[in-house]
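Accompanying notes for the structure given below.
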Amino acid sequence: MITVSGLKKSYGGREVLSDIDLHIPRGEVVAIIGPSGAGKSTLLRCINMLEVPSGGDIHIDGRQVIYRPTATGKLGLADQFRLTWLRRELSMVFQQFNLWPYRTVLGNLLEGPTIVQRKKKSDVVDAAMEKLRMVGLEDKAHSYPSDLSGGQQQRVAICRALMMSPKAILFDEPTSALDPELVNEVLDIMTRLAGTGMTMVIVTHEMKFAREVADRIVFMENGEIVADGRPEVVFGHPRLERYASHLSH
Ligand SMILES: Nc1ncnc2c1ncn2[C@@H]1O[C@H](COP(=O)(O)OP(=O)(O)OP(=O)(O)O)[C@@H](O)[C@H]1O
Ligand SMILES: [Mg+2]
């Protein structure tokens, strides 16, 4: 589903991702963990085409993401068409939810399908309500994001991501902005989603969740993948043990 080979990213001459190789098959749930500054978000942003890599290749569902940087470093127009197409394949859930503040919950869910995918509103309302039912927020359809708790907003953001029928969902620390008592309601939804066979790439500091829900753990440090494998193997890695003990402090 997602193949990253020899990926590099530098900012101002400083390399923050060096030679990343990662292959994520369809249906796999991968947790990316590691200390602050390791390059986890940068990796997700490169996969989701929010950052232009400095080198290497990314394939999404067998199609290569081709960049033709212009003088300003922006993507060349020739790739814009393909970029729009590829962007539809992946949805992203952010730490800060990023819901549209002036649209209702339902409005947030309908935005992508009606504007980006040009579907008729009446054709997608039922699907939106069904998603809200799944996360227990049916009764909030006509509320505004500011009237919801952080956990409720993140559940809406997950519904919004699902509305695009993506082939994979990327999560960047989806519970880090939540009060501790709200973390589990979001992790529960993600656990259920993992059970549906959705391909998920999750940057998280929730070690227990990563260990229990992910098929695979990728541990990053200093722009490199230090360990990559089944949770029981990766959690035994000496450098990860050091990191985990730091977390528990
Ligand atoms: N737009 C940018 N310009 C310059 N440097 C950047 C930029 N984005 C990220 N970096 C640097 O790249 C490195 C990796 O950052 P990144 O955000 O990917 O780390 P992270 O693993 O997600 O950390 P955290 O756990 O704190 O979110 C950091 O040193 C960061 O300062
Ligand atoms: Mg980050």
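Worth knowing before you read on, the calculation uses all heavy atoms, side chains too, and leaves out hydrogens, waters and symmetry mates. First listed ligand is number 1; within each ligand, the first listed atom is number 1. Positions are given from 1, in the same order as the sequence printed here.
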> So, Thr104 and His142: side-chain donor and acceptor under 3.5 Å apart, yes or no?
Replying inline: no

> Do Arg216 and Asp228 sit within salt-bridge range, that is, some charged N less than 4.0 Å from a carboxylate O?
Replying inline: yes

> How many angstroms lie between OG in Ser143 and CD in Gln153, if you round to the nearest 0.5 Å?
Replying inline: 11.0 Å

> What residue and atom, counting heavy atoms only, is the protein's closest point to atom 23 (O) of ligand 1, and at what distance?
Replying inline: Gly37 N, 2.8 Å

>> Give me the residue, atom name and distance of the protein heavy atom closest to atom 3 (N) of ligand 1.
In response: Tyr11 CD2, 3.4 Å

> What distance separates Asp57 CG from Ser5 OG, expressed to the nearest 0.5 Å?
Replying inline: 5.0 Å

> Closest non-hydrogen protein atom to atom 17 (O) of ligand 1, residue and atom name please, with distance?
Replying inline: Ser41 CB, 3.7 Å

> From Ser41, does some N, O or S atom reach closer than 2.8 Å to the Mg ion (ligand 2)?
Replying inline: yes

> Of the protein's non-hydrogen atoms, which lies at the shortest distance from atom 25 (O) of ligand 1, and what is that distance?
Replying inline: Lys40 NZ, 2.7 Å

> Of all the atoms in ligand 1, which lie at a distance below 4.0 Å from a heavy atom belonging to Pro35?
Replying inline: 21 (O)

> With a 3.5 Å cut-off and no angle check, do the side chains of Asp172 and Ser41 form a donor-acceptor pair?
Replying inline: yes

>> In this structure, does ligand 1 have an atom that sits under 4.0 Å from one of the heavy atoms of Gly223?
In response: no

> Among protein heavy atoms, which lies nearest atom 13 (C) of ligand 1, and at what distance?
Replying inline: Val16 CG1, 3.6 Å

> With respect to Thr175, which candidate in Glu185, Glu206, Gln154 satisfies the side chain to side chain contact (heavy atoms under 4.5 Å, CB included) definition?
Replying inline: Glu206

> What atoms of ligand 1 come closer than 4.0 angstrom to any heavy atom of His205?
Replying inline: 25 (O)

>> Could you go through Gln95 and Phe171, starting from their C-alpha distance and side-chain angles, then the distance that decides it, and tell me whether this counts as side chain to side chain contact (heavy atoms under 4.5 Å, CB included)?
In response: CA-CA 8 Å; Gln95 184 175 340; Phe171 297 80; over 6 Å; no

> Starting from atom 18 (O) of ligand 1, which protein heavy atom do you reach first, and at what distance in Å?
Replying inline: Thr42 OG1, 2.5 Å

>> Only heavy atoms of Gly39, strictly under 4.0 Å: list the atoms of ligand 1 that pass.
In response: 14 (C), 16 (P), 18 (O), 19 (O), 20 (P), 21 (O)

> Which heavy atom of the protein is the closest neighbour of atom 31 (O) of ligand 1, given with residue, atom name and distance?
Replying inline: Arg14 NH2, 3.9 Å

>> Please state which option from Glu221, Met220, Glu173, Glu51 has its nearest heavy atom closest to atom 27 (O) of ligand 1.
In response: Glu173

> Do Glu51 and Lys9 meet the salt-bridge criterion of a basic N to acidic O distance under 4.0 Å?
Replying inline: yes

> Can we call the ring centroids of Tyr243 and Phe219 under 6.0 Å apart?
Replying inline: yes

> So which protein heavy atom does atom 26 (O) of ligand 1 come closest to, and at what separation?
Replying inline: Ser36 OG, 2.6 Å

